Amino acid sequence: MSVDIVVSKGLDLRLVGAPSLQIEEAKFSKDFSIYPSDFHGIFPKLLIKENDSIKAGQALFFDKNSDRVKFVSPVSGKIKEIVRGDRRRVLEIKIEADKVISYKKIEKIKSEEPAHIIDFFLENGLWPFIKQRPYDVIADPNSNPKQIFISGFDSSPLAADFDFITKDEKESISKAISILSKLCNCPINISLRKESNSFLRELNDVIIHNVSGPHPSGNLSTIINKVSPINKGDIIWTLNLPDLSIIGKALLEGKFSAERIIALAGSSVSNPKYIKILIGSNISSFIKLKENNARIISGNVLTGVKLESSAHVRYYSNEITAIPEGNDYDLFGWAKPMFDKFSVSRALTFSWLFPNKKYDLNTNTNGEHRAFVVTGSFEEVFPLDIYPMQILKACMYKDLDEMEALGMYEVSPEDFALTEFICVSKQPHQDIIREGLDLMKKEIG
Amino acid sequence: MSIKSKLHDIKESFKGKTMAPAFNAFHTFLFTPNDVTSSGTHIKVADDLKRTMNTVIMSLVPCLIFGIFNAGYQHNFAIDAANGISTQASLFVNFLTFDNLMIGSMKVLPLVIVSYAVGLTVEFIFAVIKGHEVEEGYLVTGMLVPLIIPVDLPLWMLAVSVIFGVVIGKEVFGGTGMNILNPALTIRAFLFFAYPTWMSGDKVWVYDAVNRAGSPEAISGETILGSYAQNQDIIYSMSDMFFGFIPGSIGETSKLLIIFGALFLIFSKIGSWRIILSTLIGALVMGLIFNGVIEAGIITESSKFYGLMSVPFWEHLLIGSILFGAVFMATDPVTAAQTNKGKWIYGFLIGFISIMIRVFNPAYPEGVFLAILLMNVFAPTIDHFVIQSNVKMRLNRLKLKTA
């Protein structure tokens, strides 16, 4: 079954440095790192100590609040170091990899009963790939979703082409979807670009949503809002298409295969292309930069995490982006006509003249943090039937009733990436929404 | 060492000190800072608040320049009129003259300078006390204020009202972005209620008229609205009204240049076309209603309301400052309604009430600033009802599901 969805509001940002459609196997990384902060809202309790030997797929830690949810190692080797921060919170687990990976054997699934499937996911580190709405956190295994949504494409700037990176994963992804369909008695929705020829169209028992329109048409909130808006008390589980191949391989091959094909993109990368790596690999094993003064991001330019030069691919990332740092002053930058920077206004900014130009943007904020002043611009890039500025303000003054009434159950921080990008007051929208969601989860649950 | 790195060193030395906001205000005026994104999106659009405010100022500059020439022109025109010479306004013959420029600059520029100097000083003091950066809000306010006051206003009155407007109108609410009332109009309202003789009548609109009052060289210049309100004949042609060769507040006489400003604001996506358009519609509707009342014979020539009620509905847009108010005052995003639907209602009511006040208050016929201030107060209420419909939609969805 397939349904058409047209997204009219949004913004496609064209940037320099799109990856060429070729896949290269990266040199095997010697050291790996797992960052518990990738799993928002969990509190890690370690299952290993420094100098322990571990296998790929062996649990490293579990969530203190939901102790069945385990997080596993992508690689076999020795725990080199556990980096801790304030109040001994675990920040990073460093692993020195074996030359040849030895995998922990995954037992076959007992039966296709939902409870057994859930146990299988939890025990083998597959559960963290299932997230839930509201709150956009790892799903609660005891919850009962009304629908499952899988994002089959990413519309953000310079994003990895999911059709391309999953083209050889038909078997594993189909297997994963067939198991997911037995996980709960609910429909499975997949979003695809209208023009996509993905093999997913051949599957039965899934609803394909043919989406057209600018970013954030690929964000699941956009699709969910149109298909089955989240009311108070509703739960929806969400997954990312590339993660399904890891789930599928665990089912088919009996091992946790942390292999990903990620996009290497951005104007500071000298060799933008796709590469095959393991989750947690050191980026120095494959990245070549044009300039030293560059920002390396795990993820895309709108929602990704800033990396230091010796950092590692984050758990959920399907791309590494590098763009120039903008740590320089600009003489009369607020007054002079702008041709090389992007803008949605026409206030002596001329990007409206060149709708197809590819921009080489840097990380400069182009101005200082201010109170909200301009109104009416966020709505142009925000496709949900929610008032973006009002909900942001409700989060800032922490009015739980108002946040709920304005639709906080339906949003995730990534939905506010575009409004944050175009904000002339340079307010941190995604952080504001994340803090709001955390507060609601704590107070309302 | 370049000026860039020198200033950078000074900025570093100021870091964390009380006077840092004051230095940064000057520094960021010269250079956009070297700040980089830390969390959230790694890239940002080119626009910042300074650019936004600067765009509004640019759209006001033609009005200011015209206002300077017009101040001189009206002065000479009134002297000629007092001597019994009637002149015809002509752009190149007797308007864009050096004499007009000199008289105008001498009167108008001090008003601009006082407005900015006093207002920005207050802003700097508050920024330093509260330890935040100097926000750009006053850049536009400081430009608007000289444009909406009579040319003969004493400078000290302007200074006092600017202090009042910025402190009471804005800073007590928390500064730029938090105020309820439009600061420029708060300043004008203060002037109007504190010094009414300097804000209305037939003397204040022409330079030197107040000075010469009672002397043999007395001159005067009644605004069109004033003439209408007293049921007098209008001595200005329609084209004079449109091009702006008439007495009035400094920057709001030329409708042509205001329309240019409006088009520039709408094109650059800085001004809200919804508010501008709906304000004009509101004014036209009210004008039409009054025309209908005259037509029906309910109000006759003996009434004191007859003069302004009988003005053809479209002419209301050419007289007074309704156009200036719609384009530059009502569109202030902070004090206007913030939802798109709300903007339609907000604008319509401003136009509607402006003309109503204009007609029913002959003592002071310009109602635009009062209408805008009134709707500033009601803007949050309008938004509340617009947003409630969105909230109700969500609640209904929930009810449908549980039913």
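Every value quoted in this text rests on a predicted model; they were computed, and no experiment measured them. To find a chain, count down the sequence lines: A is the first, B the second, and so on, and within it residues start at 1.
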Greatest number of heavy atom pairs closer than 4.5 Å to chain B - which of [options]:
options                                : answer
A:Gly299, A:Ser425, A:Pro229, A:Ala417 : A:Pro229
A:Gln430, A:Lys341, A:Arg295, A:Lys232 : A:Arg295
A:Val301, A:Asn327, A:Leu348           : A:Val301
A:Gly376, A:Pro157, A:Gly407, A:Pro428 : A:Gly407
A:Ile386, A:Leu418, A:Thr303, A:Thr321 : A:Ile386

Check each atom of [X] against the heavy atoms of chain B and say whether the ones under 4.5 Å are side chain, backbone, both or neither.
X        : result
A:Ile433 : neither
A:Phe372 : backbone
A:Lys393 : side chain
A:Leu331 : both
A:Asp330 : both

Contact part of [X] toward chain A, heavy-atom cut-off under 4.5 Å: side chain, backbone, both or neither?
X        : value
B:Thr32  : both
B:Ile270 : side chain
B:Lys392 : neither
B:Val134 : backbone

For [X], is the [atom1] atom crowded, meaning more than 12 foreign heavy atoms sit under 6.0 Å from it?
X        : atom1 : answer
A:Tyr359 : OH    : yes
B:Asn396 : CG    : yes
A:Lys358 : NZ    : no
B:Lys11  : NZ    : yes

SB check A:Glu410 B:Arg394 (cutoff 4.0 Å): yes
Could you check whether B:Lys4 pairs with A:Asp328 (Lys NZ or Arg NE/NH1/NH2 to Asp/Glu carboxylate O, under 4.0 Å)? yes
Worked verdict on A:Val373 versus B:Leu49 for side chain to side chain contact (heavy atoms under 4.5 Å, CB included): CA-CA 8 Å; A:Val373 169; B:Leu49 204 53; 3.8 Å; yes
Measure across [X] and [Y] and return the closest heavy-atom pair with its distance rounded to 0.1 Å.
X        : Y        : result
B:Ser268 : A:Ser345 : O-CB, 3.6 Å
A:Ala347 : B:Thr55  : CB-OG1, 3.2 Å
B:Thr28  : A:Glu368 : CG2-OE1, 3.3 Å

Out of curiosity, [X] [atom1] to [Y] [atom2], how far, rounded to the nearest 0.5 Å?
X        : Y        : atom1 : atom2 : answer
B:Ile43  : A:Leu15  : CD1   : CG    : 5.0 Å
A:His369 : B:His132 : NE2   : NE2   : 12.0 Å
B:His42  : A:Asn362 : NE2   : CG    : 13.5 Å
B:Ser39  : A:Glu420 : OG    : CD    : 6.5 Å
B:Asp47  : A:Met338 : CG    : CE    : 9.0 Å
B:Thr176 : A:Arg370 : OG1   : CZ    : 8.5 Å

Checking B:Asp383, B:Thr339, B:Asn340 against A:Tyr387 for side-chain contact (heavy atoms from CB on, under 4.5 Å), the one that qualifies is B:Thr339
Taking the inter-plane angle between the rings of A:Tyr329 and B:His27 on a 0 to 90° scale, is it parallel (under 30°), tilted (30 to 60°) or perpendicular (over 60°)? tilted
Would you call the rings of A:Trp334 and B:Phe29 parallel, tilted or perpendicular, where under 30° means parallel and over 60° means perpendicular? tilted
In terms of heavy-atom pairs under 4.5 Å, which option from [options] contacts chain A the most?
options                                : result
B:Leu30, B:Asn54, B:Val334, B:Val386   : B:Leu30
B:Pro333, B:Gly174, B:Gly177, B:Gly137 : B:Pro333
B:Arg274, B:Met393, B:Met178           : B:Met393

Does A:Leu302 form a side chain to side chain contact (heavy atoms under 4.5 Å, CB included) with B:Thr41? I'd like the steps, not just the answer. CA-CA 4 Å; A:Leu302 293 179; B:Thr41 61; 3.9 Å; yes
Answer yes or no: is there a side-chain heavy-atom contact under 4.5 Å between B:Lys44 and A:Asn364? no
Does the side chain of A:Leu406 reach to within under 4.5 Å of the side chain of B:Val391, using non-hydrogen atoms? yes
Are B:Arg51 and A:Thr349 close enough, and set up right, to give a side chain to side chain contact (heavy atoms under 4.5 Å, CB included), and what steps lead you there? CA-CA 10 Å; B:Arg51 181 173 286 271; A:Thr349 50; 3.8 Å; yes
Taking it one step at a time, do A:Lys306 and B:Ser38 satisfy side-chain hydrogen bond (donor to acceptor under 3.5 Å, both in side chains)? CA-CA 8 Å; A:Lys306 176 184 173 182; B:Ser38 51; over 6 Å; no
CA sep, side-chain torsions, deciding dist, call: A:Val344, B:Lys269, side chain to side chain contact (heavy atoms under 4.5 Å, CB included): CA-CA 8 Å; A:Val344 287; B:Lys269 299 192 186 177; 5.6 Å; no
